Amino acid sequence: MDVDLESFMGVRQAGGATSLARYKEDLLKLLQENTERYSTDNINRMKSLLTSRHLAVDNRIRNYLKRYDNQVSIDLLDTLAILSANLIKNELPQESPDPALWFGWHSE
């Protein structure tokens, strides 16, 4: 589980009031050190979330940092692991289901 932090694609250093790149790097290091805690799918989802811009994840990290004096911990990583499945599913394009009943005329 080698993570190349040189090509880290997190939040830009100048972006936002607090740059999250450093904290995301710390979370990736924690993830790499604690791979036995998570499934392979969960690790891949968390890597994807931590190395991309995702507003829900960024906001959760910012709130955690405010609450815990700008320190990330394994607790935050556990929380992200639990949420990662739902956060990734929400990004997938949704197809509208075929209606069971039609009211009106089909448009052509």
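Model, not experiment: these values are computed from the prediction.
Counting heavy atoms from C-beta on, the side chains of Y68 and D75 never come closer than 4.5 Å. L30 places none of its side-chain heavy atoms less than 4.5 Å from the side chain of L76.
A distance of 12.0 Å separates CZ in R45 from CG in L80, rounded to the nearest 0.5 Å. Taking CE of M46 as the start and OG1 of T51 as the end, the distance is 12.0 Å to the nearest 0.5 Å. Rounding to the nearest 0.5 Å places CG of L20 at 11.0 Å from CD of E25. Note that NZ of K24 is 15.5 Å distant from NZ of K29, once rounded to the nearest 0.5 Å. Rounding to the nearest 0.5 angstrom, the gap separating the CZ atom in R62 from the CG atom in N70 is 11.5 Å.
Distance alone, capped at 3.5 Å, places no donor-acceptor pair between the S48 side chain and the N44 backbone.
The ring-ring contact (aromatic ring centres under 6.0 Å, His included) search around Y38 returns none, not counting sequence neighbours. In this structure, T79 has no side-chain hydrogen bond (donor to acceptor under 3.5 Å, both in side chains) partners at least two apart in sequence or on a different chain. Partners of D78 by salt bridge (charged side-chain N to carboxylate O under 4.0 Å, His left out), not counting sequence neighbours, listed by chain and number: R37. Applying the side-chain contact (heavy atoms from CB on, under 4.5 Å) criterion to D69, with sequence neighbours excluded, gives no partner residue.
The shortest heavy-atom contact between N42 and A81 is OD1-O, 3.2 Å.
Considering L49, L77, V57 as possible partners of L27, the one that fulfils the side chain to side chain contact (heavy atoms under 4.5 Å, CB included) test is L77.
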